[in-house]
Amino acid sequence: MATVAEQWVLVEMVQALYEAPAYHLILEGILILWIIRLLFSKTYKLQERSDLTVKEKEELIEEWQPEPLVPPISKDHPALNYNIVSGPPSHKIVVNGKQCVNFASFNFLGLLDNPRVKAAALASLKKYGVGTCGPRGFYGTFDVHLDLEDRLAKFMKTEEAIIYSYGFATIASAIPAYSKRGDIVFVDRAACFAIQKGLQASRSDIKLFKHNDMADLERLLKEQEMEDQKNPRKARVTRRFIVVEGLYMNTGTLCPLPELVKLKYKYKARIFLEESLSFGVLGEHGRGVTEHFGISIDDIDLISANMENSLASIGGFCCGRSFVIDHQRLSGQGYCFSASLPPLLAAAAIEALNIMEENPGIFLVLKEKCERIHKALQGISGLKVVGESLSPAFHLQLTDSTGSREKDVKLLQEIVNHCMDRSIALTQARYLEKEEKCLPPPRRRTGESRAHNQGGGPGCAALGRVLGPGGQPPRSTHTGLCVTAL
Amino acid sequence: MANPGGGAICNGNLHKHEKQSDGSPSGNCVKNGIVKEAQQNGRPHFYKPIVESFEEAPLHVMVFTYLGYGLGTLFGYLRDFLRSCGLEKCNAAIEREEQKDFVPLYQNFENFYTRNLYMRIRDNWNRPICSAPGSQFDVMERVSDDYNWTFRFTGRIIKDVINMGSYNFLGLAASYDESMRTVKDVLEDYGLGVASTRHEMGTLDKHEELENLVAKFLNVEAAMVFGMGFATNSMNIPALVGKGCLILSDELNHASLVLGARLSGATIRIFKHNNMQSLEKLLRDAVIYGQPRIRRAWKKILILVEGIYSMEGSIVDLPQIVALKKKYKAYLYIDEAHSIGSVGPTGRGVVEFFGLDPRDVDVLMGTFTKSFGAAGGYIAGRKDLVDYLRVHSHSAVYATSMSPPVAEQIIRSMKFIMGLDGTTQGLQRVRQLAKNTRYFRQRLNEMGFIIYGNEESPVIPLLLYMPAKVAAFARHLLNRKIGVVVVGFPATPLAEARARFCVSAAHTREMLDTVPSLSTKLDIKNNLPMIIYSNNSSPIG
């Protein structure tokens with residue numbers, strides 16, 4: 001139909017040509033000649049402007065000295081003098097040859113050295129070996145992967161799940177699969193590094209709102225709405241996303257999901273929820289923040305989590321409706337272009353899911369332990385517990401910063417070392433200071449470090465002893481803790 | 001032909017191979033890889049002529065190929081029209097009723113290609129298997145009742161399909177046998193996960209053992225390992241370069257390199273695939289003219305290349321690149337995902353293949369997915385580089401470290417290749433792979449197929465061109481119990497759809513004989529000009 005209309009226009013044009021006055025035609029002729037001249041005239045090249053001689057060029061090449069590929073690193077940087085763990089990093093851990101109670105790993109459900117998980121992985125090893133030798137598209141899809149995706153979807157009560165072979169790559173690939181240049185992403189300032197990288201890869205417009213501040217988010221959404229009204233044509237193709245974490249890795253706080261869902265429908269922005277800390281932790285059955293708040297999982301467009309914490313395997317997954325998830329099978333870069341997850345790790349994750357489904361009590365135990373430790377750590381002078389009491393990983397922060405980040409870090413390291421001497425393994429939260437963009441303002445961050453407290457009753461008591469007022473040293477400590485159920 | 005998995009994506013314009021042929025009339029590109037500079041400074045390099053072929057297709061083939069796409073597109077519009085009228089059932093997943101008034105998550109026309117062309121032949125990708133990806137594997141039979149929108153498993157297993165698709169170069173991905181005992185022991189000792197990052201509490205003694213071994217294997221000062229090959233590139237390149245730096249990237253580099261380069265914030269310029277003139281021009285201009293507009297000199301220049309290109313089968317022209325990099329003081333980052341373990345007299349990758357010194361390459365990157373039958377990646381080089389990455393790599397700070405049994409599998413494989421297990425079997429595998437590669441390439445050449453790449457590369461693309469042939473080829477070979485990878489647009493240029501064979505040391509002579517013979521039978525039986533025969537009667541090389 002379009003061609004018919006075009007032909008008609010053409011006829012009209014020819015007719016108009018006949019009727020046009022002569023001076024008009026002459027003027028147009030000149031203009032056309034001018035355009036032709038412009039097209040064929042020598043283009044002005046910025047680079048050749050300098051007209052350097054060959055000799056000068058050679059000299060320039062001779063003279064140029066690049067910066068070294070990497071700047072030198074001081075030999076006493078903590079990352080170069082790392083702790084070496086021998087044996088499994090489970091409840092008890094051997095750090096640098098010394099046995100400690102482990103409060104430093106994200107092994108929340110204690111499934112890391114569970115004999116059932118190991119047996120399932122072993123059976124898989126016997127059948128499939130280790131590697132898959134190919135991406136999912138090219139004979140890297142094993143029956144185990146399909147099983148795991150099925151099980152995850154069923155567990156989360158969603159239509160579909162998709163697995164990635166690396167936890168970090170999951171949300172970092174999922175975001176750019178949907179959000180493109182020109183789209184708008186509203187993201188919490190405290191979002192973790194994987195989200196930041198995903199946003200960077202998407203090249204979308206990023207709007208940061210204050211950590212967990214719904215009023216600030218609404219302000220930004222309103223601003224955008226006004227903007228949209230000015231340019232409704234652009235607004236019709238501009239996707240809007242809200243990216244939040246269930247439990248924030250950097251702060252240990254919970255996102256206000258009910259308010260977020262309200263805002264989602266009010267301003268028509270989709271919610272992507274990163275649940276690496278909350279999956280297998282919150283909710284009666286460990287389904288994460290949606291279950292914790294009693295929100296229908298269909299209200300969240302995409303949930304992403306890694307299988308490296310609660311499930312104690314490797315990899316990550318996204319789940320949601322097929323309409324959303326299936327799109328990643330062709331556009332999730334970390335899914336398409338990477339070798340698939342080794343089958344034994346998938347088998348381990350399936351077995352971990354079995355255990356979670358069979359013992360829902362495990363989540364209650366974990367919750368109680370978190371609360372107990374949270375309570376035990378209150379009132380240590382100079383130290384403040386940051387984060388929700390139900391979070392299995394939380395941060396201890398210096399109440400009074402010494403003023404410089406460096407000194408704070410050193411002080412915290414002393415505390416961590418002190419605990420280590422008393423057989424409690426904690427760790428400082430590490431950040432790439434230069435790379436972090438969306439973290440809370442530096443002032444607040446200064447004192448911040450995270451150690452993960454993990455382990456049961458005796459561990460908790462010991463930790464209390466070391467850190468608590470009864471224990472001698474740390475006047476001001478801050479570390480993060482991970483708690484395990486087992 | 002949408003490529004759902006693995007392989008290069010173009011980060012530049014669609015490339016034209018004829019431009020590389022140096023005007024040789026036959027369309028074959030036979031380059032001589034001796035480097036002038038290298039000879040001048042009195043260090044005679046290991047002589048290795050680079051024999052690579054990228055033959056052009058006859059004109060009529062190109063015409064039919066574009067015609068095929070045109071027809072597919074036409075029918076796509078027709079069916080979209082029928083769908084919109086409700087005459088054809090739309091099987092695609094749809095948006096929730098409550099969110100119908102949201103801005104669409106993806107535009108309908110963006111998915112035109114997927115919906116109308118890829119969907120027709122989707123059964124040739126993501127084929128699930130249910131055994132180890134050894135020289136043969138078991139494929140789960142699946143059928144579709146709705147033209148590939150959904151699949152149903154029949155429960156039947158197609159046993160012992162010859163595996164020409166997996167990157168199992170040395171045959172080290174196999175089901176459990178006694179040689180994997182240490183992997184089993186580590187699994188039982190350590191469990192699967194690590195649940196922490198390298199910086200926090202996730203550095204196991206196994207990781208350290210592995211890193212020392214990798215450094216020894218590559219004959220460099222130090223190495224660091226990461227949990228995922230893709231992330232090794234995408235999360236470490238940003239640690240090395242940033243704003244004010246220049247990245248020169250081969251147009252056919254893998255998606256992970258492209259992503260890493262983008263995330264770094266450095267300026268990216270693309271040179272033509274393996275084309276040294278193009279690279280030198282970019283290098284010269286970069287050094288002479290500096291950064292655009294502000295005219296300041298570049299802080300540093302990093303050249304990103306791959307050892308073997310997974311979609312072309314070509315091997316990087318390393319001696320020339322090293323000479324150029326030295327001349328212009330650039331740094332060289334080489335991704336040996338496909339070449340480590342698979343080329344070089346003892347499997348040490350392209351550096352050994354060309355007889356160069358590992359110190360000539362600034363950053364040696366590789367993955368453990370392919371030759372080692374495991375997962376993950378490494379970066380190796382000078383100690384100061386690796387130390388810097390230990391501190392600054394995104395992966396070391398924020399991502400969970402490598403699973404201990406996977407690390408043990410790499411250790412075991414590497415020791416096997418190095419002969420540290422007390423046998424020469426590893427070395428024999430490397431030699432067997434080279435032998436199999438030459439044999440298989442020769443067979444394909446003799447039968448007159450157009451194949452791409454270096455004569456010693458175990459990745460062998462066979463050109464199919466037309467979209468319909470892609471599907472016919474893959475289906476036909478699966479019926480004859482051969483599993484082959486086919487790729488098309490957007491992983492390759494539109495008109496250069498191809499099948500890709502990956503030769504393994506585990507393939508027997510019979511297996512390698514079966515594949516080409518069945519490929520030729522194809523056209524006789526179906527009475528179709530199935531394969532484009534090369535114009536060259538004499539095989540190259």
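Below, chains carry the letters A, B, ... as their sequence lines are ordered, and counting in each starts from 1.
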So which part of [X] gets closer than 4.5 Å to some heavy atom of chain A, the side chain, the backbone, both or neither?
X        : result
B/Phe372 : neither
B/Val241 : neither
B/Met228 : both
B/Ser401 : backbone
B/Pro128 : both
B/Asp387 : both
B/Lys370 : backbone
B/Ser256 : neither
B/Asp177 : neither
B/Glu188 : both
B/Leu240 : both
B/Phe137 : side chain
B/Ser371 : neither
B/Tyr328 : both

Could you tell me which portion of [X] (side chain, backbone, both or neither) has an atom closer than 4.5 angstrom to a non-hydrogen atom of chain B?
X        : value
A/Val324 : both
A/Arg270 : both
A/Phe168 : side chain
A/Leu311 : neither
A/Ala177 : neither
A/Ala119 : neither
A/Glu159 : neither
A/Leu60  : both
A/Leu69  : both
A/Pro72  : neither
A/Thr238 : backbone
A/Phe142 : both
A/Leu146 : side chain
A/Val144 : neither

Is [X] salt-bridged to [Y], cutoff N-O under 4.0 Å?
X        : Y        : answer
B/Asp285 : A/Lys57  : no
A/Arg329 : A/Asp326 : yes
A/Lys264 : B/Glu98  : no
A/Asp298 : B/Arg96  : no
A/Glu67  : B/Lys299 : no

What I want to check is whether the side chains of [X] and [Y] have a donor and an acceptor closer together than 3.5 Å.
X        : Y        : answer
B/Tyr118 : B/Asn111 : no
A/Arg136 : A/Thr141 : yes
A/Asp301 : A/Tyr178 : no
A/Tyr139 : B/Arg127 : yes
A/Ser338 : A/Ser165 : yes
A/Tyr267 : A/Asp228 : no
A/Ser173 : A/Gln333 : no

- Message: Applying ring pair (Phe, Tyr, Trp, His ring centres under 6.0 Å) to A/Tyr166 and B/Phe230, what does each step give before you reach the verdict?
- Response: CA-CA 9 Å; A/Tyr166 205 39; B/Phe230 186 95; 9.9 Å; no

- Test item: A/Asn96 side-chain N/O and A/Ile84 main-chain N/O as donor-acceptor pair under 3.5 Å: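 Pair found, side chain donor or acceptor close to backbone of A/Ile84.
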
- Quick check: does any side chain N or O of A/Glu308 sit under 3.5 Å from a backbone N or O of A/Ile314, one acting as donor and the other as acceptor?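 It does not hold such a pair.
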
With chain B as the partner, which of [options] has the greatest number of non-hydrogen pairs under 4.5 Å?
options                                : value
A/Pro115, A/Ala121, A/Ala169, A/Ala348 : A/Ala121
A/His145, A/Arg236, A/Met307           : A/Arg236
A/Asn83, A/Val94, A/Asp113             : A/Asn83
A/Ala269, A/Pro343, A/Gly332           : A/Ala269
A/Leu344, A/Val117, A/Asn306           : A/Leu344
A/Cys133, A/Gly334, A/Gly134           : A/Cys133

- Item | Aromatic ring pairing B/Tyr167/B/Phe169, orientation class (parallel under 30°, perpendicular over 60°, tilted between) |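 Answer is tilted, since the angle falls between 30° and 60°.
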
- Query: Hey, what's the ring geometry for A/His77 with B/His199, parallel, tilted or perpendicular (30° and 60° as the breaks)?
  - Reply: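 Tilted, since the angle between the ring planes falls between 30° and 60°.
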
- Query: Which of the residues B/Arg284, B/Glu95, B/Arg390 is involved in the greatest number of heavy-atom pairs with chain A at under 4.5 angstrom?
  - Reply: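 The candidate making the most pairs under 4.5 Å is B/Glu95.
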
- Query: Given the options B/Val391, B/Thr369, B/Leu302, which has more heavy-atom pairs under 4.5 Å with chain A than any of the others?
  - Reply: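 The answer is B/Val391.
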
- Task: Carefully, step by step, assess B/Tyr398 and B/His394 under the rule ring pair (Phe, Tyr, Trp, His ring centres under 6.0 Å).
- Result: CA-CA 6 Å; B/Tyr398 297 103; B/His394 299 178; 7.2 Å; no

- Task: Inspect the surroundings of CZ in B/Arg382 and state if more than 12 heavy atoms from other residues, nucleotides or ligands are less than 6.0 Å away.
- Result: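 No, the 6.0 Å shell around CZ holds no more than 12 heavy atoms from other groups.
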
- Message: Once rounded to the nearest 0.5 Å, what's the spacing between atom CD1 of A/Ile93 and atom OG of B/Ser196?
- Response: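 Taking CD1 in A/Ile93 and OG in B/Ser196, the distance rounds to 7.5 Å.
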
